[in-house]
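Each residue takes its place number in the sequence, starting with 1.
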Amino acid sequence: MDILVKCELSKIWSGPQSVTMSPKHVVFKKVSKDKLVAVYMAKRDFVDHCDFVDPVDGVIVIDQGQLKGKKVYVMLSCTFRYGRQDMDVMGVAFRRDLFVVTRQVYPELQDKEKLTHTKVQQKLLHKLGDNAFPFFFEFPDNLPCSIALQPGPSDVGKKCAVEFEVKAFCCENQDEKINKQSSVRLTIRKIQFSPENSKLVPVAETTFEFLMSEKPLHLKLSLPKETFYHGEPIPVTVEITNSSSRNIKDISVSVEQVTNIVLYSNDKYVKSVAKEETSDSVPSGTSLKKDYTLYPLLAHNKDRRGLALDGRLKHEDTNLASSSIVKQEVLKEVQGMLVSYKVIVRMIASGTIGSSEVSLELPFKLMHSNPEPGTGLPPLPLGFFTSLLTNQKLCVCVCVCKQLAVYR
C-alpha cells in the first residue's frame, strides 16, 4: 500500500523512524510500491482567490537505476464523478475528466531552474540531490473547486465528487497503460476564499393576502451581511406585521443548502443544515420583530446523506461546501456541481376556514475567509470550526473566534 507521510524538510533523509511534523516546513511525501518514483509537495490545499489560483508545484525523486530507458511523467487532473467508478449506463461512464495536463519530467525537456518557482522547491532539490526534478502546473480559470456529496452510512465505493489529483508515473510514452506499481497518486484540494466583502445588506420582504381578510400579512427577513464564514453564527432578523384576520403560529427559521448537479443530470439536493423551531405567535392585529441565531455546521450533520462538503483529504476533517462562485464567461456545466445557501422563515397562518403555510427566503454566501494581506498568517485549517464548535461549548468557541480575528 502506498504511504503518504508528512515530514520535516530538514529531516527528509534521516530515516523512516524520524518522520515528524514541523510548524514551519511541512512536506507531503508519497512513494510508489516499487520505490521507482516519489512525490514531494509542500501543500495539498490550493486557493482560488477569484483573480488568480495558487499554482501546483512539487518535486519528483526518481530511481534512475530502475528506469531502463523509460520516461517519467507527472499529471494534474480534475475529475467529476457522478457515481461509482465502475458504474455505467448503456456504455456511458458516469465519470468525466474536466481537465487533464501531462508533463514529461525525465528526461528533462527544460532546465531545472526554469521549472523551479518556489523556495520550497529549491530547498527540496538541494536536499534530495541529482535524482530530484521539479514540476509546476497552473490551474485554468474555469475549473470548479473540490466538492463531494456526503455518502450515507451504508454507501460503499466512490462518492459523487469533483476531485483533483497529481499523478506521477513512468512508461515508454504517456499514452500506454500505466503500471500501478510504478505510479503515485496524490489527492489535492482546490478551495475558494471569499472575495472582498460587499456592503450589500440582504433583505427580502413580501405581502400575503388571504381570502375573507381585508388587510394583508407583511413579512420581512434580513441579514447583517451577504457573506458568512464557516463556523460563524448567522443572525437572522424576522419582522412580521399581521394586519390580516389570521393568527400566525409555529414560526421556524432554517438554513438550507441547495446542491445542483449540472453535469449528466439536473438533480437537486435541498438539505436543512441548521434550524430553529419556536412557539412564537403573532395574533391578528399585532406585530413581531425578533432576532434568531443559526449555526450551520457539519458537526451537527455528520450522517446526512447527500450533503455537499468541501473536498476531503484522507484522515482529515472538512466542512460544509462553500458557496459556488461562477466566473464570467464560464459554462455552469463545467462546474459539475453548484452549491448555494439560503435562510428560510416558515409559519402557519390559521383562520376560521383553514390554515396555510407561508414562507420567505433570502440567499447568502458561506465561504472561507481570506487572510489579511501582509499579516503573514496562514488561514485556519478547513476542519477547525467543524471539530471545535458544539452546542455545549459554543460560548467558549465564539470567544476563541474573536481572539483569532486577526486570521479573519
Side-chain angles (χ1 to χ4, degrees), residues 149 198 200-228 230 232-262 266-298 300-301 304-308 320-324 337-367 391:
L149 294 188
S198 67
L200 176 67
V201 177
V203 177
E205 52 187 321
T206 188
T207 299
F208 294 93
E209 295 183 351
F210 303 104
L211 185 65
M212 299 182 68
S213 178
E214 295 182 359
K215 296 182 180 181
L217 168 70
H218 184 77
L219 298 183
K220 185 177 179 181
L221 185 61
S222 61
L223 298 170
K225 58 182 180 177
E226 184 184 20
T227 302
F228 293 86
H230 291 290
E232 186 178 6
I234 299 180
V236 182
T237 300
V238 178
E239 296 180 49
I240 304 173
T241 303
N242 186 12
S243 302
S244 72
S245 60
R246 297 202 174 192
N247 296 318
I248 302 301
K249 61 180 182 178
D250 298 338
I251 300 173
S252 67
V253 185
S254 62
V255 172
E256 290 190 352
Q257 180 195 75
V258 182
T259 305
N260 287 284
I261 311 294
V262 294
N266 290 317
D267 289 353
K268 186 176 182 179
Y269 297 87
V270 180
K271 302 289 183 180
S272 175
V273 293
K275 188 173 184 178
E276 182 174 347
E277 296 180 330
T278 74
S279 58
D280 296 336
S281 61
V282 187
S284 175
T286 63
S287 61
L288 171 71
K289 182 178 180 180
K290 188 171 181 179
D291 294 330
Y292 302 89
T293 303
L294 300 173
Y295 303 92
L297 297 169
L298 178 58
H300 303 158
N301 299 275
R304 296 286 303 283
R305 186 178 187 272
L307 200 65
L320 297 174
S322 299
S323 299
S324 301
M337 286 185 276
L338 297 175
V339 177
S340 61
Y341 291 89
K342 59 185 178 182
V343 171
I344 298 184
V345 58
R346 293 184 175 91
M347 60 199 72
I348 300 297
S350 60
T352 56
I353 58 172
S355 301
S356 59
E357 182 183 85
V358 295
S359 63
L360 181 62
E361 61 184 53
L362 182 61
F364 70 95
K365 293 184 176 68
L366 184 65
M367 306 194 72
N391 280 330

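With values rounded to the nearest 0.5 angstrom, Y292 atom OH is found 12.5 Å from S254 atom OG. Here CG of L288 is found 8.5 Å from OG of S281. Values are rounded to the nearest 0.5 Å. Here M347 contributes atom CE and R246 contributes atom CZ; the two are 13.5 Å apart, rounded to the nearest 0.5 Å. Taking CG from L362 and CD from E226, the interatomic distance works out to 9.5 Å, rounded to the nearest 0.5 Å. Here the CD atom belonging to E239 is positioned 9.5 Å from the CG atom belonging to L221, to the nearest 0.5 angstrom. Rounding to the nearest 0.5 Å gives a distance of 6.5 Å between OH of Y269 and CZ of R305.
Counting heavy atoms from C-beta outward, I251 and V282 have side chains that approach closer than 4.5 Å. In this structure the side chain of L360 never reaches within 4.5 angstrom of the side chain of I344, judged on heavy atoms. Within the 4.5 Å cutoff, side-chain heavy atoms of S350 are placed close to those of K249. In this structure the side chain of L298 reaches within 4.5 angstrom of the side chain of L307, judged on heavy atoms. The shortest side-chain heavy-atom distance between S340 and P363 does not fall under the 4.5 Å cut-off. Looking at heavy atoms from C-beta onward, M337 lies in side-chain contact with L149 at the 4.5 angstrom threshold. For the pair R304 and Q257, the minimum side-chain heavy-atom distance is 4.5 Å or more. Residues S356 and F210 form a side-chain contact, since some pair of their non-hydrogen atoms from C-beta on lies under 4.5 Å apart.
Judged by distance alone, the side chain of K220 and the main-chain N or O of T241 form no donor-acceptor pair under 3.5 Å. Counting only distance, with no hydrogens or angles, the side chain of S284 and the backbone of N247 share no donor-acceptor pair below 3.5 Å. N301 places a side-chain N or O within 3.5 Å of a backbone atom of V273 that can act as its donor or acceptor partner.
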Derivation and outcome, side chain to side chain contact (heavy atoms under 4.5 Å, CB included), residues L223 and V236: CA-CA 5 Å; L223 298 170; V236 182; 3.7 Å; yes

Side chain to side chain contact (heavy atoms under 4.5 Å, CB included) between S287 and H218, intermediate numbers included: CA-CA 9 Å; S287 61; H218 184 77; over 6 Å; no

From CA spacing to verdict: side chain to side chain contact (heavy atoms under 4.5 Å, CB included), L217, V358: CA-CA 10 Å; L217 168 70; V358 295; 4.1 Å; yes

Intermediate values then yes/no, salt bridge (charged side-chain N to carboxylate O under 4.0 Å, His left out), E276 and K290: CA-CA 13 Å; E276 182 174 347; K290 188 171 181 179; 5.9 Å; no

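Taking both residues in full, the closest heavy atoms of P283 and N242 are given as O-ND2, 3.3 Å, listed atom of the first, atom of the second, then distance. Shown here for P296 and I234, the closest heavy-atom pair between the two residues is CG-CD1, 3.6 Å. Contact record, V339 with S322: CB-O, 3.8 Å, taken as the closest heavy-atom pair. Summarising the geometry of T259 relative to A308, their closest heavy-atom pair is OG1-CB, 3.4 Å, with the distance given to 0.1 Å. Annotation for K268 and V258: closest pair CE-CG1, 3.5 Å, computed over non-hydrogen atoms.
The salt bridge (charged side-chain N to carboxylate O under 4.0 Å, His left out) check on K215 picks up nothing, with sequence neighbours excluded.
Between F364 and F228, the ring planes lie perpendicular to each other; the angle is over 60°, past the 30° to 60° tilted range.
A 6.0 Å sphere centred on CD of E357 holds more than 12 heavy atoms belonging to other residues, nucleotides or ligands.
Partner of V238 under the side-chain contact (heavy atoms from CB on, under 4.5 Å) criterion, out of V253, L219, D280, T278: V253 alone.
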